[in-house]
Protein chains: 2
Amino acid sequence: MPRHQDRAAGGRRRASHSMESVLTEAVVLLDEAGPSALTFRALAQRLGGGVASIYWYVASKDELLDRATDHVIGGVLADIDAIEPGDDPIDDLRAISLALFDAILVRPWLGNYFMRNTDVQGNCLRLYEKLGQPTLRLKLTARQRFHAVSAISTVVVGSAVDLGQEPPAEVLDGAVGRDEFLSRFTATWRELDRDAYPFVHEIVDEFDGHDDIDQFRAALDLTLAGIRLQAGA
Amino acid sequence: MPRHQDRAAGGRRRASHSMESVLTEAVVLLDEAGPSALTFRALAQRLGGGVASIYWYVASKDELLDRATDHVIGGVLADIDAIEPGDDPIDDLRAISLALFDAILVRPWLGNYFMRNTDVQGNCLRLYEKLGQPTLRLKLTARQRFHAVSAISTVVVGSAVDLGQEPPAEVLDGAVGRDEFLSRFTATWRELDRDAYPFVHEIVDEFDGHDDIDQFRAALDLTLAGIRLQAGA
DNA sequence: GGGTACGATAGAACGGCGTTCGATAGAGAT
DNA sequence: ATCTCTATCGAACGCCGTTCTATCGTACCC
């Protein structure tokens, strides 16, 4: 029986993966073209192996996304550990939140999978802890602390989701710039009836060419101001 | 040539749709079992027609989701129009936000599609306007007004996304209750090292059996407190 | 060194999805 | 009667996540 075991030039090599390489390459795909680009087939090709092999490391695509997310959060955690705690707990909260948001700006897809399953996302849990520790220095009840951190987390996730909307492909191609894309909206808005839409007209100039990080910082600072008020500090 | 035109008993009837019926049935599917249940095939079956017919009304699934979302926001808008403006603009902001969140509690999938494309989502734009009008009565700059409404919108969307995570099927089936599902997490958390996770231990009792609307209300009130402070009112 | 157990890999197939194509039925105008 | 435009639909296409089954290669045992 001719079992052709061609170890010669043409012979297919078997690929050899690792959890690390799987997650790293998954993140590369996500970074390059967003969640829709991360398919098992694309990932397998990048790893130089077969599709089914990936299932040895993760049980499903959801788990892959959860683990990939936690993988990059690990890096964020390192950045956050480098932050020196200051006198003001609220300033610490702000610093940690901004570090997290910086990571989301670079990888807008993060928002959709962050904190989805702490069983698998150990780093996300650690980050949650990090975010909560400054509140222990504030005069708050346990419930208030819980709500405060939830609120900050909500603001981060909410902002991330705004960012994470995959732009209509023409922006990704670079065919039209982001500013032009925004202006298309504002142009429509400006044509609305001034009496029926006084607020939209009031802020349309602000929306045009607005900066995402300014928007996040403003939302975060409003929440932090509320927390500070509550703590009586 | 025998073009068999069986108008007899067995003859298939043609279905007759309308934008209204398409969106209504789409919402029914979303309500019954979440976004994963809304497929063109399931929708066609419900409408008693063919798959391709739906494409006469919407150009893609994204547009279907956008329009379905805007459809139900229309109902929310009616609720909001029924709210009498009070003396305090911030109380009005709170009332409108809560009305919106009430709708999201019933339909957790809303958060993922809300405010995605104001071209198609006219009602969402109207709601944005409604949310902004109270800020016109506050002493704020245009930019501050823009950021204030964005912040509120972010809190709503962020909370909705938390809610919108499709539970792991066993909860949907009713096999395990929501409380039991939460307790499974907290049980793991309680086993963590107390020194490494002081905050998690501090709030684990709060997390166990927590109420989503309390969490939202707390986050919203923190943001509103920040806005009130900014307006010097 | 032959046999065996197991960690790891992979091709092929399955069913379901969004989407497209081409055909066609019905209603109204010419 | 014919033409036109709106509306409908079955069948097919290509891609997706997932599963099945068969293998390869190494470490270990006797």
Side-chain angles (χ1 to χ4, degrees), chain A residues 1-8 10-23 25-26 29-30 33-68 109 112-113 116 120 166 168-169, chain B residues 1-8 10-23 25-26 29-30 33-68 109 112-113 116 120 166 168-169:
Chain A
M1 184 176 266
R3 263 213 282 123
H4 73 106
Q5 62 175 76
D6 43 3
R7 309 270 286 113
R12 284 266 175 279
R13 276 279 176 70
R14 304 191 119 226
S16 155
H17 314 322
S18 74
M19 190 80 243
E20 249 287 318
S21 66
V22 168
L23 295 183
E25 294 305 314
L29 282 170
L30 287 166
S36 64
L38 177 55
T39 69
F40 277 81
R41 285 166 176 85
L43 181 55
Q45 190 165 18
R46 208 167 241 286
L47 290 164
V51 222
S53 307
I54 302 167
Y55 280 87
W56 203 90
Y57 296 93
V58 294
S60 68
K61 185 165 186 184
D62 267 343
E63 193 187 314
L64 174 62
L65 283 163
D66 285 344
R67 295 203 117 99
W109 49 269
N112 291 99
Y113 314 110
R116 257 205 329 195
V120 141
E166 302 205 44
Chain B
M1 180 177 262
R3 263 212 282 123
H4 73 106
Q5 63 176 75
D6 44 1
R7 308 270 287 112
R12 286 263 178 279
R13 277 279 176 71
R14 307 191 117 224
S16 156
H17 313 322
S18 72
M19 190 81 242
E20 249 288 318
S21 65
V22 169
L23 295 185
E25 295 305 313
L29 283 170
L30 287 166
S36 64
L38 175 55
T39 68
F40 277 81
R41 285 168 175 83
L43 181 54
Q45 190 165 18
R46 208 166 241 285
L47 289 165
V51 221
S53 307
I54 302 167
Y55 281 87
W56 204 91
Y57 296 93
V58 294
S60 69
K61 186 167 187 183
D62 266 343
E63 193 187 314
L64 174 63
L65 283 163
D66 285 345
R67 295 202 116 101
W109 50 269
N112 290 99
Y113 314 111
R116 261 210 321 201
V120 141
E166 300 206 45

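Below, chain A is the first sequence line, B the second, and so on; all start at residue 1.
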Enquirer: Considering just the side-chain nitrogens and oxygens of Ser53(A), establish if one lies under 4.0 Å of OP1 or OP2 belonging to dA8(C).
Expert: no

Enquirer: Calculate the interatomic distance between Leu65(B) atom CG and dT19(C) atom C1'; express it in whole Å.
Expert: 15 Å

Enquirer: Rounded to whole angstrom units, what separation is found between the CD atom of Gln45(B) and the P atom of dC17(C)?
Expert: 11 Å

Enquirer: How many Å lie between CH2 on Trp56(A) and C1' on dC24(D), as a whole number?
Expert: 15 Å

Enquirer: Quickly work out the Asp62(B) CG to dC17(C) P distance and round it to whole Å.
Expert: 17 Å

Enquirer: If the cut-off is 4.0 Å, is His17(B) near the phosphate of dC9(D), judged by side-chain N/O to OP1 or OP2?
Expert: yes

Enquirer: How would you list, by chain and number, every residue that makes a side chain to side chain donor-acceptor pair (under 3.5 Å) with Asp66(B), sequence neighbours excluded?
Expert: Arg116(B)

Enquirer: For Glu63(B) and dT19(C), what is the distance between atoms CD and P respectively, to the nearest whole Å?
Expert: 10 Å

Enquirer: What is the distance from CZ of Arg14(B) to P of dA23(C), rounded to the nearest Å?
Expert: 15 Å

Enquirer: Whole Å only: how far is the CE atom of Met19(A) from the C1' atom of dG7(C)?
Expert: 16 Å

Enquirer: Can you name the atoms? Protein N/O to nucleotides 13-17 of chain D N/O, anything below 3.5 Å, with the distance.
Expert:
from    : atom 1 : to       : atom 2 : distance (Å)
dG17(D) : OP1    : Lys61(A) : NZ     : 2.6
dG17(D) : OP2    : Phe40(A) : N      : 3.0
dG17(D) : N7     : Arg41(A) : NH1    : 2.8
dG17(D) : O6     : Arg41(A) : NH2    : 2.7

Enquirer: Which residues pass the side chain to side chain donor-acceptor pair (under 3.5 Å) test with Gln45(A), sequence neighbours left out?
Expert: none

Enquirer: Check ring pair (Phe, Tyr, Trp, His ring centres under 6.0 Å) between Tyr57(B) and all other residues, then give those that pass, not counting sequence neighbours.
Expert: none

Enquirer: Which residue lies toward the 5' end of DNA chain C, Ser16(A) or Val51(B), if each is placed at its nearest nucleotide?
Expert: Ser16(A)

Enquirer: Kindly write out the residues that satisfy side chain to side chain donor-acceptor pair (under 3.5 Å) with Ser36(A), not counting sequence neighbours, or none if the list is empty.
Expert: none

Enquirer: Check whether any side-chain heavy atom of Leu65(A) sits under 4.5 Å from a side-chain heavy atom of Asn112(A), and report yes or no.
Expert: no

Enquirer: Considering every strand and a 4.0 Å limit on heavy-atom distances, what is the contact class for Ala15(A): base, sugar-phosphate, or nothing?
Expert: sugar-phosphate

Enquirer: Under a 4.5 Å cut-off applied to non-hydrogen side-chain atoms, are Met19(A) and Arg67(A) in contact?
Expert: yes

Enquirer: Can you list everything that forms a side-chain contact (heavy atoms from CB on, under 4.5 Å) with Thr39(A)? Sequence neighbours excluded, please.
Expert: Arg41(A), Ala42(A)

